[in-house]
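All chains are named by letter (A, B, ...) in the order of the sequence lines, taking the proteins before the strands, and each is independently numbered beginning at 1. If you're wondering where the values come from, they're calculated on a predicted model, not measured in any experiment.
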Number of protein chains: 2
Amino acid sequence: MRIVIIDDDNLVGISLKTILEANQEVEVLAIGNNGKEGILLYEKYQPDVLLMDIRMDIMTGIDAAKIIIEKDKNAKILFLTTFLDDDYIIKALQLGAKGYILKQDFESILPALKAVYSGQNVFGDKIISKIPSFLDQKKALEDLPFSISQKELELIRLVADGLSNKEISQKLYLSEGTIRNYLSNILEKLDLRDRTQLAVFYYQNHLDLYR
Amino acid sequence: MRIVIIDDDNLVGISLKTILEANQEVEVLAIGNNGKEGILLYEKYQPDVLLMDIRMDIMTGIDAAKIIIEKDKNAKILFLTTFLDDDYIIKALQLGAKGYILKQDFESILPALKAVYSGQNVFGDKIISKIPSFLDQKKALEDLPFSISQKELELIRLVADGLSNKEISQKLYLSEGTIRNYLSNILEKLDLRDRTQLAVFYYQNHLDLYR
DNA sequence: TATTGCATGTGACATTTGTCACATCTTAAT
DNA sequence: ATTAAGATGTGACAAATGTCACATGCAATA
């Protein structure tokens, strides 16, 4: 199996090469340090699998993958990363990446590589559990220094529906001033500046999935 | 790696055993023919990985998996199937199955097994493409009576990040007045009232997934 | 009873926001 | 060259928003 490794940290690249080449079947053709090099090295060597970091200077792994897959839709790209990021996962899936696993999982890398080589897609547990539609993730509100009452949550939802203070006050049979005070409290608790940031908070934490 | 195979068709079970045991590391502890046997054999042998068909008489692989995982949430179950079914895929994922691949992919089975054994999740291509149902929603922006320019989209994203007009103007090197005018246009085009509704629109239409 | 806490409300205030009419400048098309 | 279109900007304005200090009333409870 001929592979190319791309990682910001050269040490990681070298270590991976050593680990992987301990296996007879693996041949590391080249090591690069950023997305641009990823593109060039992929074109030059046409590896069976491209093992690539996501966060990199100059050009990210995501951007590089996009370009590579545009040219070769059968490219097999396995992302290696040190942390989790919902956005990246979704993007990676959309691009047609074949996998997404944590660098820390040393023992997993080789099997993952082989599975990808054989045509499968591989994802780590923690990653699968990030895909919002399937899994139940913790309500972010429970991890806060201050607790949010039921009434406050109700208010947050109405803001996240795009209602104005006046509309909310009518809906809840409270005065507009009261709504403002409530909201002001909520914003302080959550360390946000205005209702738009509150709505952003709501959706980015997938609170809409728990209605 | 100690495994148990469950398949409706005994021939498949035996063939798989033969194929897999060609590899030194694999030991097939038992072969069963339906979900009920799957449960019993899993409990008896506590295999590293359970390779199981989905469609089976008496009890399906899904039902069996549910019971097995209830008792042992770390159970590693790899589903083998001959056809694709969205419902099953979703269910399997919800249950916590570690993978889902096609029986036809002979060469894939062993690598997939090893990847699962090492803690990863494995899915075939056709299956991955079924998963992100919520990704398939076309960009809502393209279905509008008016088109949204690139610059406008950029602005929408900044609003959906919770920035104020002043912050946006600084980021884009434009005057605050210009930002307001832009925004005013966008709101009219999208038939929205204020920036909060714009952010709501953005997230409810999953525009954040397409950055 | 007295008190405390909580929910609700008011009024004032500065800021931000959205709208509008119109100006300026550049670029492209005729 | 003239015109048209688009991008950018300004100033004025009303409305909405967020903050704050402080009131009122009610219920629990020490």
Atom CD of A/Glu176 to atom C1' of D/dT17: distance rounded to whole Å? 9 Å
Under 4.0 Å between a side-chain N/O of B/Arg193 and OP1 or OP2 of C/dG18, yes or no? no
Report the nucleotide, chosen from C/dG18, C/dG9, D/dT19, that has the shortest atom-to-atom distance to any side-chain atom of A/Ser184. D/dT19
Is the shortest distance from a Lys or Arg side-chain nitrogen in B/Asp194 or A/Arg195 to a carboxylate oxygen in the other one below 4.0 Å? no
With no hydrogens and no angle check, is any side-chain donor or acceptor of A/Glu154 less than 3.5 Å from a backbone partner on A/Gln150? no
Measure from the side chain of B/Tyr182, starting at C-beta and using heavy atoms only, and say which of D/dA7, C/dT8, C/dG18 lies closest. D/dA7
Expressed as a whole number of angstroms, how long is the span from B/Gln197:CD to D/dA15:C1'? 15 Å
Can you find a side chain N or O atom of B/Thr178 that sits less than 4.0 Å from OP1 or OP2 on D/dG9? yes
Taking any heavy-atom pair under 4.0 Å as a contact, classify B/Asn181: base, sugar-phosphate, or nothing. base
If you check the A/Ser175 side chain, which of C/dT10, D/dG9, C/dG18 turns out closest? C/dT10
Give a yes/no on whether any side-chain N or O of B/Lys151 is located under 4.0 angstrom from OP1 or OP2 of D/dT8. yes
Would you check if the side chain of B/Gln204 reaches a backbone N or O of B/Phe201 as a donor-acceptor pair within less than 3.5 Å? no
In this structure, how many angstroms lie between the P atom of C/dG18 and the NZ atom of B/Lys166, rounded? 15 Å
Starting from the C-alpha separation in whole Å, work towards a yes-or-no answer on salt bridge (Lys or Arg N to Asp or Glu O under 4.0 Å) for A/Lys66 and A/Glu70. CA-CA 6 Å; A/Lys66 187 181 294 181; A/Glu70 265 170 20; over 6 Å; no
For a side chain to side chain contact (heavy atoms under 4.5 Å, CB included) with B/Leu51, tell me which candidate from B/Val116, B/Ile101, B/Leu78, B/Ile77 qualifies. B/Leu78
Send over the distance from B/Leu198 CG to C/dT19 C1', rounded to a whole Å. 16 Å
When you measure from the side-chain N and O atoms of A/Asn165 to the phosphate of D/dA16, is any distance below 4.0 Å, counting only OP1 and OP2? no
When rounded to whole Å, the CZ to P distance for the pair B/Arg195 and D/dG18 reads 11 Å
Would you indicate which nucleotide in D/dT19, D/dG9, C/dG18 comes nearest to any side-chain atom of B/Leu174? D/dG9
Taking the side chain of B/Arg180 as heavy atoms from C-beta outward, which of D/dG18, D/dC13, D/dA7 is closest to it? D/dC13
Which nucleotide in the list D/dT17, C/dG18, D/dG9 gets nearest to the side chain of B/Leu183? C/dG18
